[in-house]
Amino acid sequence: MDYEILVSEDAERDLDRFIRYLLFEKENEQAARNLLDDFEMTKQSLAYVAGSLKDCMNPRLREQGYKRINFMAHRYFMLYRIEGNKAIIDNIFHDLQDYENRLC
């Protein structure tokens, strides 16, 4: 089943924060471009695999229906949920972030 991918405002802000960090703190335009490209590739992949990925291990996130997909080439991931034929990306995190405490 192909899913329509929706990106929430929170997820857009998350991605924007990471891109701004790479552009303005690290002054690395290529890294920012690569991360944005990886986001787009992962989002395209999600359209095909959203329903087949495991639920989050955290009980509270699992109760809310969250699943996780890792970026293809970077240490970032998206938390998303499925509603009908839509996969809704709610947040984007770096692997080193304590995302469970932020959301639970």
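Residues take their numbers from the sequence shown, with the count starting at 1. Below, each value reflects all heavy atoms present in this structure, side chains not excepted, and no hydrogens, waters or symmetry copies.
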For this session: Please examine the side chains of I92 and F77, heavy atoms only from C-beta on, and report whether any two atoms are closer than 4.5 Å.
Result: no

For this session: Using atom types as modelled and distance alone, determine if a side-chain donor or acceptor of Q97 lies under 3.5 Å from a backbone N or O of H94.
Result: yes

Problem set entry | Separation of R33 CZ from L22 CG (nearest 0.5 Å) | 12.0 Å

Problem set entry | From CG (N58) to CD (E63), nearest 0.5 Å | 9.0 Å

Exercise. Should D55 and K67 count as an ion pair when the cut-off is N to O under 4.0 Å?
Worked result: yes

Seminar exercise, completed: Output for pair (F71 CZ, K43 NZ), nearest 0.5 Å, gives 10.0 Å

For this session: Flag the pair Y80 / I69 as yes when at least one side-chain heavy-atom distance between them is below 4.5 Å, and no otherwise.
Result: yes

Exercise. Under a 4.0 Å N-O cut-off, is there an ion pair linking K86 with E83?
Worked result: no

Problem set entry | Whether S45 side chain and M41 backbone form a donor-acceptor pair below 3.5 Å | no

Exercise. Hey, is D16 close enough to R13 for a salt bridge, meaning N to O under 4.0 Å?
Worked result: no

Problem set entry | Distance in Å, L15 CG paired with N91 CG, rounded so as to fall on 0.5 Å steps | 12.0 Å

Exercise. Is there a donor-acceptor contact under 3.5 Å from the side chain of R81 to the main chain of I88?
Worked result: no

Exercise. Can you find a heavy atom in the side chain of I5 that is under 4.5 Å from one in the side chain of I89?
Worked result: yes

Problem set entry | Other residues, nucleotides, ligands: >12 heavy atoms within 6.0 Å of Q30 CD | yes

For this session: Could you check D98 against N101 for side-chain hydrogen bond (donor to acceptor under 3.5 Å, both in side chains), going step by step and ending with a plain yes or no?
Result: CA-CA 6 Å; D98 184 11; N101 285 325; 2.5 Å; yes

Problem set entry | Minimum heavy-atom distance C56-L79, with the two atoms named | SG-CD2, 3.6 Å

For this session: Kindly work out whether a path of hydrophobic side-chain contacts (I/L/V/M/F/W/Y, heavy atoms less than 4.5 Å apart) joins M72 to L53.
Result: no

Problem set entry | Joint cluster assignment, V49 & I82, ILVMFWY side-chain distance < 4.5 Å | yes

Exercise. Quick one: are D10 and D90 in side-chain contact, heavy atoms under 4.5 Å?
Worked result: no

Exercise. Applying ring-ring contact (aromatic ring centres under 6.0 Å, His included), which residue pairs with at least one partner in residues 3-42 are found, sequence neighbours left out?
Worked result: F18-Y76

For this session: State plainly whether the residues R20 and D14 are in salt-bridge range, i.e. N to O under 4.0 Å.
Result: no

For this session: Hey, could you give me the CD/OG1 distance between E40 and T42, rounded to the nearest 0.5 Å?
Result: 9.5 Å

